[in-house]
Peer 1: 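Structure provided below as structure tokens; questions to follow.
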Amino acid sequence: MSAEKRSRVLRLEVPIESEEELAALEGALIAARAAELSQIRRRGDRLAFGYGSDSARETMIDEVDEAERRHAMLDRLLSALKAATSTQD
């Protein structure tokens with residue numbers, strides 16, 4: 001990633017053939033978000049309890065940061081999905 005941060009909008013078109021598929025997509029995103037939150041908490045606890053060497057803790061900090069980014073992006077994706085489906089009702 002470049003040092004310069006740029007904001008952008010990503011537009012996706014996902015064919016959804018039924019309400020069941022829409023529910024499955026939302027469920028998959030919720031499950032992925034929960035998995036990321038679990039990773040954040042697990043790594044955070046290990047850091048808080050002082051597990052690992054200094055270099056292992058640095059790696060855990062990086063892993064927590066990355067999991068937090070993924071969690072935030074899944075939150076945004078879920079919000080966009082809900083907004084898109086509420087306007088189609």
Peer 1: Distance check, rounded to the nearest 0.5 Å: Met60 atom CE versus Ser53 atom OG?
Peer 2: 7.5 Å
Peer 1: May I have the list of side-chain donor-acceptor pairs in residues 27-40 shorter than 3.5 Å, sequence neighbours left out?
Peer 2:
residue, atom, partner, partner atom, Å
Arg33, NH1, Asp75, OD1, 2.8
Glu36, OE1, Arg70, NE, 3.0
Glu36, OE1, Arg70, NH2, 3.0
Glu36, OE2, Arg70, NE, 2.9
Gln39, OE1, Arg42, NH2, 2.9

Peer 1: If you measure from CE on Met73 to NE2 on His71, what distance do you get to the nearest 0.5 Å?
Peer 2: 12.5 Å
Peer 1: Applying salt bridge (Lys or Arg N to Asp or Glu O under 4.0 Å), name anything that partners Glu21, two or more places apart in sequence or on another chain.
Peer 2: none
Peer 1: If you look at every heavy atom in Ser86 and Ala83, which pair is closest and at what distance?
Peer 2: OG-O, 3.0 Å
Peer 1: Working to the nearest 0.5 Å, report the span between CD of Glu63 and CZ of Arg43.
Peer 2: 4.0 Å
Peer 1: How far does CD of Glu26 sit from CG of Leu77, to the nearest 0.5 angstrom?
Peer 2: 10.5 Å
Peer 1: Between Arg57 (side chain only) and Gly52 (backbone N and O only), is there a donor and an acceptor less than 3.5 Å apart?
Peer 2: yes
Peer 1: Return a table of donor-acceptor pairs under 3.5 angstrom between the side chains of residues 10-17 and protein atoms on other chains or two or more places apart.
Peer 2:
none

Peer 1: Let me confirm one number: the CZ-CG distance from Arg76 to Leu81, rounded to the nearest 0.5 Å.
Peer 2: 16.0 Å
